[in-house]
Amino acid sequence: MRPLLGPGHRGTLTMAEFSQNRGKRRDSEVLGGAVDFLLANARLVLGVGGAAVLGIATLAVKRLIDRATSPRDEDDAKRDSTCLEDSWQELSLLKATPRLQPQPRPAALSQPVPPPAPSPSAPEGPADADPPTSPQPCSPAPSVCLTFQEKLLAFERDHVTMPVAHVALAKQLAGDIALELQAYLRNKFPELPFGALVPGGPLYDGLQAGAADPVRLLVPLVLEPGLWSLVPGVDTVAQDPRCWAVRRTQLEFHPRGSSPWDRFLVGGYLSPRVLLELLRKALTASVNWPAIGSLLGCLIRPRVASEELLLEVQHECLELPVAVLLSTAGAQAGDLLLAWPLEGLAGNLWLQDWYPAEAAQLRALDERDAGTRRRLLLLLCGVCRGHPALGRLGRGPLTQVVLHLGEQEADWAEEALAEHFLQALELLVGSLEQASLPCHFSRGVNLLDGLREEDIDDMGCALYWGLRAPERLL
């Protein structure tokens with residue numbers, strides 16, 4: 001008879017043997033079905049572990065019966081021996097593992113099935129020994145999914161809001177430093193009529209976003225009326241609408257030298273650059289800051305590397321930067337001009353200070369409808385300050401964005417704070433795309449003029465991804 005398997009097989013299989021094997025497989029399938037039914041019902045009564053033990057034992061008995069009732073060749077004997085050894089190995093492993101207690105079937109499907117009682121890891125003791133008490137399983141803490149509004153308020157609480165005690169301490173230190181510096185200037189330059197040094201800025205207007213914003217310590221110049229006039233920056237060689245020139249007048253009646261400020265003239269204009277150099281040398285070389293700091297209980301050091309006049313104040317409770325700003329009165333009441341380190345043709349011009357008008361406008365808008373515009377500004381400042389790309393956006397552009405949004409008739413309650421935050425990001429993205437952010441008080445001033453194209457691209461990219469996932473900005 002022709003063999004059913006190829007010549008590479010070490011034996012041949014006749015048709016009778018093939019039929020006998022098929023009959024054995026049919027019997028095995030019937031027996032397997034019975035075993036499966038038995039195991040399926042045993043799992044409900046004995047649990048998973050008991051059902052596994054019963055299944056292995058049943059399989060072993062079945063194989064013993066097959067071996068006794070049917071002839072075997074050498075290969076079958078080896079396979080049965082190997083499978084039986086594996087079965088006993090599995091059985092020994094199951095015996096070594098702790099057994100699960102059988103669970104009673106619930107009376108109804110709607111009733112919850114009680115969790116299995118945890119078994120002790122130690123071996124079972126005598127029968128009369130008390131069973132060890134197992135600790136109650138701890139229920140997992142429910143996962144909390146916060147909304148963006150809640151995350152924004154948490155960021156405000158943890159990273160923006162400054163403790164009241166620190167605010168009071170910072171104001172006290174700034175006031176004491178102002179008194180000490182004013183006494184020094186009067187003794188060092190008695191011929192120069194400086195006004196009273198008054199600290200101010202975000203710390204005093206409720207706009208302090210953490211301790212990073214410097215205190216503004218204004219050093220006002222008292223100019224003689226009638227001897228000085230203001231020229232808009234657009235009418236000067238620099239043609240800069242942000243700036244003003246302070247021109248000396250009445251030279252035919254009050255010649256040069258009649259005013260103590262004439263020594264700082266450059267081309268007939270009062271030069272902020274020369275004044276800044278004078279004050280910088282005084283702050284870095286002449287003022288005895290170690291003695292003043294010891295008297296006030298803190299450490300005071302001038303920041304030499306900065307173009308601005310900055311003092312670093314370190315107290316055991318906080319660190320406070322103080323910006324010393326030479327100033328003079330502007331064209332309108334309440335306006336200020338600052339001696340700022342400008343470059344190029346604007347180096348001898350005075351920079352228009354928009355901060356007083358910005359703070360007053362925000363305060364008036366919030367008081368009108370109990371709004372949250374100032375809180376929105378603090379959040380924007382806090383987010384941008386801690387971002388590597390958005391840190392180049394100063395307080396000025398962010399304040400102008402809030403002012404543009406703040407005059408819209410909208411709901412400015414706390415519940416809408418997250419919505420207005422996203423609107424501010426959208427407005428910033430649109431402004432960066434056009435590289436234009438007009439000043440709220442002077443439409444001819446572009447607040448993004450001082451930024452490089454690479455910086456604008458980096459900030460625009462960061463804000464774009466921030467709009468898609470605003471939580472990553474916090």
Side-chain angles (χ1 to χ4, degrees), residues 181-182 184-186 188-195 197 201 214-224 227-251 254-287 302-312 321-331 335-356 394 396 439 442 445-447 449-452:
L181 185 56
Q182 181 171 344
Y184 166 80
L185 291 177
R186 289 180 177 176
K188 180 69 175 179
F189 310 105
E191 72 283 0
L192 297 178
F194 290 106
L197 274 63
V215 174
R216 292 161 49 99
L217 185 56
L218 297 178
V219 182
L221 280 62
V222 180
L223 301 180
E224 300 86 355
L227 298 185
W228 308 92
S229 65
L230 299 178
V231 180
V234 292
D235 297 335
T236 63
V237 179
Q239 296 182 352
D240 194 336
R242 304 173 303 163
C243 305
W244 293 78
V246 180
R247 182 172 60 186
R248 176 71 156 87
T249 60
Q250 302 291 333
L251 288 176
H254 302 278
R256 188 167 183 168
S258 303
S259 172
W261 303 109
D262 287 342
R263 54 187 285 198
F264 305 104
L265 291 177
V266 174
Y269 293 90
L270 184 62
S271 174
R273 181 178 295 173
V274 180
L275 283 167
L276 282 174
E277 189 63 25
L278 173 71
L279 192 56
R280 182 187 303 276
K281 291 180 179 179
L283 293 180
T284 57
S286 300
V287 181
R303 190 180 298 178
V304 182
S306 175
E307 294 183 356
E308 308 172 30
L309 301 180
L310 289 177
L311 301 176
E312 295 178 349
V322 177
V324 182
L325 302 173
L326 287 166
S327 64
T328 185
D335 289 352
L336 284 179
L337 302 179
L338 301 180
W340 199 260
L342 300 175
E343 298 178 356
L345 297 176
N348 287 320
L349 301 181
W350 294 73
L351 183 66
Q352 174 79 52
D353 183 20
W354 303 112
Y355 174 79
C439 179
S442 178
V445 176
N446 182 12
L447 299 175
D449 271 345
L451 297 176
R452 300 180 303 172

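Annotation: W261 is in aromatic contact with F194 [ring centroid separation under 6.0 Å].
Side-chain contact between Y355 and R216 is present, with at least one heavy-atom pair separated by less than 4.5 Å. For the pair C243 and W350, the minimum side-chain heavy-atom distance is 4.5 Å or more. Side-chain contact between L223 and V246 is present, with heavy atoms from C-beta onward closer than 4.5 Å. Within the 4.5 Å cutoff, the side chain of L326 has no heavy atoms near those of the L338 side chain. You'll find the side chain of P193 reaches within 4.5 Å of the side chain of P260, heavy atoms only. In this structure, V266 and V274 have side chains that are in contact, with non-hydrogen atoms separated by less than 4.5 Å. In this structure the side chain of P214 never reaches within 4.5 angstrom of the side chain of V322, judged on heavy atoms.
The closest donor-acceptor contact from the side chain of S442 to the backbone of C439 lies at 3.5 Å or more, if one exists at all. In this structure, the side chain of Q250 does not engage the main chain of L227 through any donor-acceptor pair within 3.5 Å. Side-chain atoms of S306 do not come within 3.5 Å of backbone N or O of R303 as any donor-acceptor pair. Without hydrogens or angle criteria, D262 side chain to G257 main chain gives a donor-acceptor distance under 3.5 Å.
Minimum heavy-atom separation, A339 to P272: CB-CB, 3.6 Å. Nearest heavy atoms, L270 versus L265: N-CD2, 3.7 Å. Nearest heavy atom pair, residue S271 against residue N348, reads OG-OD1, 2.7 Å. Across A331 and L230, no two heavy atoms sit closer than the pair N-CD1, 3.4 Å. Here the closest non-hydrogen pair linking P356 and L336 is CG-CD1, 4.2 Å. The nearest pair of heavy atoms linking A238 to L349 is CB-CD1, 3.7 Å.
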side-chain contact (heavy atoms from CB on, under 4.5 Å) between D240 and V234, worked out: CA-CA 5 Å; D240 194 336; V234 292; over 6 Å; no
Audit row: W340, E307, side-chain contact (heavy atoms from CB on, under 4.5 Å) steps and yes/no: CA-CA 9 Å; W340 199 260; E307 294 183 356; over 6 Å; no
Verdict with reasoning, T236 to W244, per side-chain contact (heavy atoms from CB on, under 4.5 Å): CA-CA 8 Å; T236 63; W244 293 78; over 6 Å; no
Trace of the side-chain contact (heavy atoms from CB on, under 4.5 Å) decision for L309 with L325: CA-CA 7 Å; L309 301 180; L325 302 173; over 6 Å; no
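Between the OH atom in Y184 and the CD atom in Q182 there is a gap of 14.0 Å [rounded to 0.5 Å]. Atoms CG and CG, on L283 and L278 in that order, are 9.5 Å from each other to the nearest 0.5 Å. One distance of note links CZ of R242 with CG of L447; it measures 9.0 Å at 0.5 Å rounding. Atom NZ of K188 and atom CG of L279 lie 12.0 Å apart (nearest 0.5 Å). In this structure, the separation between CG on L251 and OG1 on T249 is 7.0 Å, given to the nearest 0.5 Å. With rounding to the nearest 0.5 angstrom, the CG atom of L342 is 5.5 Å from the CG atom of L351.
When the shell of 6.0 Å around CD of E224 is examined, it contains more than 12 heavy atoms from other residues, nucleotides or ligands.
Electrostatic pairing of R263 and E191 counts as a salt bridge here, judged by a charged N lying under 4.0 Å from a carboxylate O.
A cation-pi geometry, defined here as NZ or CZ lying under 6.0 Å from the six-membered ring centre and within 45° of its normal, holds between R248 and W228.
Annotation: ring-ring contact (aromatic ring centres under 6.0 Å, His included) contacts of F189 (sequence neighbours excluded): none.
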